[in-house]
Every structure is written in C-alpha cells, then in structure tokens.
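To start, the structure under review is shown below, and the notes come after it.
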Amino acid sequence: MKFIIPLLFVSFLSSQTYEIKGAQIKYYGSHFLHDWIGVSNDLNGNVFIDKNNSKYQVDLNVPLISFSSNNSNRDSNMLIHTEAFSYPEVIFKSTNIVLNQNSAMVEGELLFHGITKKIKTSATIDIANGFVANGSFIINLKDFNIETPTLMLIKIDDIIKIEYFISIN
C-alpha cells in the first residue's frame with residue numbers, strides 16, 4: 001500500500017489539462033477580385049497531455065462572431081451565410097493525436113454549421129515547456145451546407161484555409 005499512493009501521485013503529475021484562453025485562429029477567403037483573412041483571438045478549449053501514456057486530447061471552440069476581417073460588411077455577410085445565430089460556434093474535438101518529436105498528426109471532428117466532418121491536420125508542436133501548437137487545414141464550405149455569398153454575381157471560393165496557433169506556458 002505504501003507504494004501505491006506515491007505511484008498514483010506520480011501518475012497524476014505526469015498528466016495535465018491545460019485551459020486555452022485567447023489563442024488565435026485565421027481563415028483565408030478568396031474571390032476573383034481580392035483575398036482576405038478573418039482573425040479571431042477567441043479560440044478556447046482544453047488540451048490534455050499524459051506524457052507517460054502518450055495520450056493527448058484537444059477540445060476547441062471559437063465563436064463565429066469573434067472573427068474580424070477588418071471589413072464589417074464582409075463580417076456581417078459571413079455571419080449571415082454561416083447562420084451564426086443558429087450555429088454560433090465552430091467546435092473541434094480530437095479523436096487521435098500522434099506525436100513525432102516536434103510535430104503531431106491530429107485527427108478529429110469539426111462541427112460547423114450543424115454538420116460534423118472528420119478532418120486531419122499536421123501541426124508543429126512543443127510540449128517541453130507547456131504547450132505550443134500551430135498548423136493548418138482546408139475545408140470546403142459545400143461540405144457544411146454553407147451557401148457562399150456573391151460579389152458582382154460571382155461566388156466566393158468554397159475552399160477555405162484555416163490556420164491555428166495555440167500557446168500555453
């Protein structure tokens with residue numbers, strides 16, 4: 001019994017849940033006339049790290065209203081077309097994370113506009129002094145049943161690049 005309590009204590013010390021507050025996520029949009037970037041500094045969630053058992057879990061969410069492209073017309077159109085009042089957040093939950101030195105292959109489920117899709121992303125990662133991760137992935141707005149807005153009778157591109165940066169020290 002003397003050995004079980006220290007062993008449990010050590011195992012609790014080796015696993016840690018970090019709360020994310022204020023990381024950054026960007027989306028890149030495109031139209032034949034111009035490209036733009038929407039930025040949110042309101043990416044929230046949790047990162048669970050258990051180094052001893054090589055288990056990692058990420059749960060993230062970002063309110064759609066928090067994105068700014070520095071164009072209020074474009075931002076309000078984005079909120080209308082994503083039906084942000086009915087679906088106010090984009091949510092990601094990892095299902096599998098594999099670390100390889102300073103990179104990670106992340107698989108998970110992305111809930112956007114009421115539809116869940118599986119995605120994969122690779123990220124550069126550092127867990128030596130807390131947690132730092134950045135990476136990107138691509139989504140197709142059609143996959144999420146989002147009707148894209150038009151400008152001069154031409155729709156914006158359906159393909160959107162998403163970039164994320166998470167730092168917890």
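All of these numbers come straight from a predicted model, not from anything done at the bench. Sequential numbering from 1 along the given sequence is applied to the chain's residues.
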Heavy atoms only: give me the nearest Q24-L43 pair and the separation to one decimal. O-CD2, 4.1 Å
Using the ring centroid of each side chain, check whether Y27 and F67 are separated by less than 6.0 Å. yes
Pair R74-H34, side-chain donor/acceptor within less than 3.5 Å: yes
Grab the two heavy atoms, one from I160 and one from G29, that are nearest each other, plus how far apart they are. CD1-CA, 4.1 Å
Quick check on L79: does its CG atom have over 12 non-hydrogen neighbours (other residues, nucleotides or ligands) under 6.0 Å away? yes
Might you point out which heavy atoms bring S167 and V132 nearest each other, and give the distance in Å? OG-CG2, 3.8 Å
Can you find a pair of side-chain heavy atoms, one from I146 and one from K142, that are under 4.5 Å apart? no
So does N70 get a backbone contact from the side chain of S68, meaning a donor-acceptor N/O pair under 3.5 Å? yes
Keeping S69 on the side-chain end and W36 on the backbone end, is there a donor-acceptor pair under 3.5 Å? no
In terms of hydrophobic clustering (I, L, V, M, F, W, Y; side-chain heavy atoms under 4.5 Å; direct or indirect links), are V39 and M78 co-clustered? no
ILVMFWY cluster, I91 and I166 together (side-chain gap under 4.5 Å): no
Taking all non-hydrogen atoms of both residues, which atom of Q57 and which atom of D59 are closest, and how far apart? NE2-OD1, 3.3 Å
Does either side chain, that of E19 or that of N46, offer a donor lying less than 3.5 Å from an acceptor on the other one? no
Residues I138, I162; criterion side-chain contact (heavy atoms from CB on, under 4.5 Å); working and verdict: CA-CA 6 Å; I138 303 290; I162 310 291; over 6 Å; no
Going only through I, L, V, M, F, W and Y residues with side-chain contacts under 4.5 Å, is there a path from V90 to L111? no
Side chains of L110 and I139: closer than 4.5 Å at any heavy-atom pair? yes
With the side chain counted from C-beta on, respond yes when T95 and E109 share a heavy-atom pair under 4.5 Å apart, and no when they do not. yes
Output for pair (L60 CG, I25 CD1), nearest 0.5 Å, gives 8.0 Å
Validation row: F92, Y164 side chains within 4.5 angstrom (heavy atoms): no
Say you draw a straight line from NZ of K55 to CG of D50; how long is it, rounded to the nearest 0.5 Å? 7.0 Å
Would you say the side chains of N44 and D42 form a donor-acceptor pair under 3.5 Å? yes
First locate atom CG of N134, then atom OG1 of T124, and finally report the distance between them rounded to the nearest 0.5 Å. 3.5 Å
Verify side-chain contact (heavy atoms from CB on, under 4.5 Å) between D126 and N102, making sure each step is shown before the conclusion. CA-CA 6 Å; D126 179 6; N102 63 347; over 6 Å; no
With heavy-atom distances below 4.5 Å as the criterion, would you say the side chains of L141 and D143 are in contact? no
I want to check something: taking the side chain as every heavy atom from C-beta on, are K117 and F144 in contact at a cut-off of under 4.5 Å? yes
Cluster link I168 to Y56, ILVMFWY, side chain under 4.5 Å: yes
So, D157 side chain and I159 main chain: donor-acceptor pair closer than 3.5 Å or not? no
Does a donor on one side chain and an acceptor on the other come within less than 3.5 Å for E83 and H113? yes
Distance-minimising heavy-atom pair for T121 and S136: OG1-O, 2.8 Å
In terms of heavy-atom contacts, S76 and N73 come closest through OG-O, 3.0 Å
Check whether the side chains of D35 and S30 place a donor and an acceptor atom closer than 3.5 Å, and report yes or no. yes
Mind checking whether V47 and L99 sit in one hydrophobic cluster, side chains of I, L, V, M, F, W, Y counted as touching below 4.5 Å? yes
Indicate yes or no: at least one non-hydrogen side-chain atom of N145 is less than 4.5 angstrom from one of I115. yes
Heavy-atom distance under 4.5 Å between the side chains of L64 and F112, does that happen here? yes
